[in-house]
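Data first, discussion second: the structure below is written as structure tokens.
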Amino acid sequence: MQALPHPAVPAWASSGAVLRAKALQEYLADLEQTLKTHKAIPPVRVMVLGEPDWRARTRHPYGFPFQRTSLKEGLYLFIPARYPERFVWRLREVLMPAAKLTGKLPGRVENFLDLNLGHEYAHAVQVAWGLRTRVRWVDEFVANYLYLLALHEARPELYEQAVAWGTLIAGLTPQEPSLGRYDRKPHSLSDQLWFQGQFTTQAARLVESGGDQLLTGLLQAAPLKKSTVHKVLVGLEPSLREWFAAFAPKKAPLQIQEEHVTWENLG
């Protein structure tokens, strides 16, 4: 393991991943430079790991970036030294129905995954700033907003790419487009991507129309509480009320065809 010192995003890299770690460190440091103008951010430690080092430190499946965040134990990002081919191909497969509508993907899937490391960084910032509510869809939406707000100023060319990817995945067809069910049950990869697309495009609208206005209000309301965060969001941005309503499940007559009823679909 090689240490890459930095005051804001110190990094550690497995053998063979040093150049990748340096590039990602620079990317995340640019986001930190923008966000810290609103409030100080404690160091977020970046671990860019090959599979052996990954398995020695976490039980998470190799290849899926994630954050391990605690104000007591520190803020960490775990990033694979490379994305497993099976993961990349699976993601590309899920994206193809949306790509057919636009004619092509906005770029390589690996670039999409690397861009979204800014989203994982934003989750760490949420914890540091008291903006995590443990309402999963709220935390995902706010992380997208923080990520795009920083990217818009720090790396405008990458901001355009992030919005293009968000627009693409928002074009997928979800099976259960309900925010109320988002926290209560696991979703397919396609549905997870669709929700991220919705959060990204809505966050981009707020960034482009109001800049940091929503963030200023959220910091004043921090620490956010699970019981009142919906009211806080609508109070700060009334247009979100209509957006939330669009996720409400559509009422339809109950139709049961006896020959298709199984224990699985009854559950």
Side-chain angles (χ1 to χ4, degrees), residues 6-9 23-42 44 46 65 67 69 75 77 79 98 102 105-132 137-171 193-222 224 229 232-234 236-240 242-244:
H6 191 282
V9 283
L24 294 176
Q25 183 182 55
E26 181 181 346
Y27 168 52
L28 298 175
D30 284 349
L31 302 186
E32 187 267 348
Q33 284 290 316
T34 298
L35 291 174
K36 76 175 183 180
T37 61
H38 300 278
K39 187 176 179 178
I41 304 170
V44 178
V46 178
Q67 5 74 47
T69 48
L75 308 174
L77 295 188
I79 301 170
T102 60
L105 295 174
R108 297 175 67 240
V109 169
E110 294 89 342
N111 292 344
F112 168 59
L113 294 168
D114 277 354
L115 263 179
N116 273 281
L117 296 173
H119 170 94
E120 298 298 329
Y121 176 78
H123 276 305
V125 175
Q126 279 181 287
V127 173
W129 285 354
L131 300 182
R132 184 169 68 173
W137 73 262
V138 171
D139 291 341
E140 291 300 319
F141 171 62
V142 172
N144 269 289
Y145 170 72
L146 292 175
Y147 155 53
L148 290 179
L149 180 65
L151 203 58
H152 186 263
E153 182 173 335
R155 296 279 192 98
E157 74 287 358
L158 295 184
Y159 172 84
E160 296 298 330
Q161 291 181 31
V163 173
W165 279 107
T167 301
L168 174 83
I169 59 180
L193 288 168
W194 180 83
F195 273 109
Q196 287 298 329
Q198 302 303 315
F199 299 154
T200 298
T201 54
Q202 182 63 208
R205 183 188 70 80
L206 295 178
V207 167
E208 292 171 21
S209 64
D212 64 358
Q213 182 177 333
L214 178 60
L215 175 56
T216 300
L218 289 174
L219 288 174
Q220 291 174 351
L224 299 181
V229 66
V232 168
L233 285 170
V234 172
L236 293 171
E237 185 54 59
S239 67
L240 289 175
E242 183 178 350
W243 184 63
F244 294 151

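Every heavy atom of this structure was used, including side-chain atoms; hydrogens, water molecules and symmetry mates were not. Predicted model, so just to flag it, every value in this text is computed and none were measured. For reference, positions follow the sequence shown, starting with 1.
- With values rounded to the nearest 0.5 angstrom, Gln126 atom CD is found 14.0 Å from Tyr147 atom OH.
- The pair Arg132-Asp139 does not count as a salt bridge, with every side-chain nitrogen at least 4.0 angstrom from each carboxylate oxygen.
- Nearest heavy atoms, Ala162 versus Leu115: N-CD1, 3.8 Å.
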Could you pull out all donor-acceptor pairs under 3.5 Å where a side-chain atom in residues 208-215 meets a protein atom, sequence neighbours excluded?
from: Glu208; atom 1: OE2; to: Tyr159; atom 2: OH; distance (Å): 2.5
from: Ser209; atom 1: OG; to: Arg205; atom 2: O; distance (Å): 2.8

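- In this structure, Gln161 CD and Asp114 CG are separated by 11.0 Å, a value rounded to the nearest 0.5 Å.
- Considering CD1 of Ile169 and CG of Leu105, their distance stands at 11.5 Å, rounded to 0.5 Å.
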task = Please report the C-alpha distance between Gln202 and Leu240 in whole Å, then the side-chain angles of each, then the deciding distance to 0.1 Å, and finally whether the side chain to side chain contact (heavy atoms under 4.5 Å, CB included) criterion is met.
result = CA-CA 9 Å; Gln202 182 63 208; Leu240 289 175; 3.6 Å; yes
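- Between Leu113 and Pro65, the closest side-chain pair of non-hydrogen atoms is not below 4.5 Å.
- The neighbour count for Glu157 CD, taken as heavy atoms of other residues, nucleotides or ligands under 6.0 Å away, is above 12.
- Across Leu28 and Leu77, no two heavy atoms sit closer than the pair CD1-CD1, 3.7 Å.
- The two residues Val232 and Leu218 come nearest to each other via the heavy atoms CG1-CD2, 4.3 Å.
- Remark: side-chain polar atoms of Trp129 are not paired, donor with acceptor, to backbone N or O of Ile41 under 3.5 angstrom.
- Between the side chain of Asn144 and the main chain of Glu140, a donor-acceptor pair closer than 3.5 Å is present.
- Looking at Ile79 and Val46, their side chains come closer than 4.5 Å, going by heavy atoms from C-beta outward.
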message = Walk me through whether Glu237 and Leu206 qualify under side chain to side chain contact (heavy atoms under 4.5 Å, CB included).
response = CA-CA 9 Å; Glu237 185 54 59; Leu206 295 178; 3.5 Å; yes
query = Which is it for Phe199 and Trp194 under the ring pair (Phe, Tyr, Trp, His ring centres under 6.0 Å) test, yes or no, and what are the steps along the way?
reply = CA-CA 9 Å; Phe199 299 154; Trp194 180 83; 8.5 Å; no
ask   = Can you check side chain to side chain contact (heavy atoms under 4.5 Å, CB included) on Phe141 and Phe195, steps first, answer last?
value = CA-CA 9 Å; Phe141 171 62; Phe195 273 109; over 6 Å; no
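- Here Leu158 contributes atom CG and Tyr27 contributes atom OH; the two are 6.0 Å apart, rounded to the nearest 0.5 Å.
- Distance check: Leu35 CG to Tyr121 OH gives 6.5 Å after rounding to the nearest 0.5 Å.
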ask   = Are Leu219 and Lys39 close enough, and set up right, to give a side chain to side chain contact (heavy atoms under 4.5 Å, CB included), and what steps lead you there?
value = CA-CA 9 Å; Leu219 288 174; Lys39 187 176 179 178; 4.2 Å; yes
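- The nearest pair of heavy atoms linking His123 to Ala143 is CE1-CB, 3.6 Å.
- With values rounded to the nearest 0.5 angstrom, His119 atom NE2 is found 8.0 Å from Thr200 atom OG1.
- Of all heavy-atom pairs spanning Thr34 and His38, the tightest one is O-CD2, 3.9 Å.
- When all heavy atoms of Gly130 and Ala222 are compared, the pair lying nearest together is O-CB, 3.9 Å.
- Between the side chain of Gln67 and the backbone N or O of Leu75 there is no donor-acceptor pair closer than 3.5 Å.
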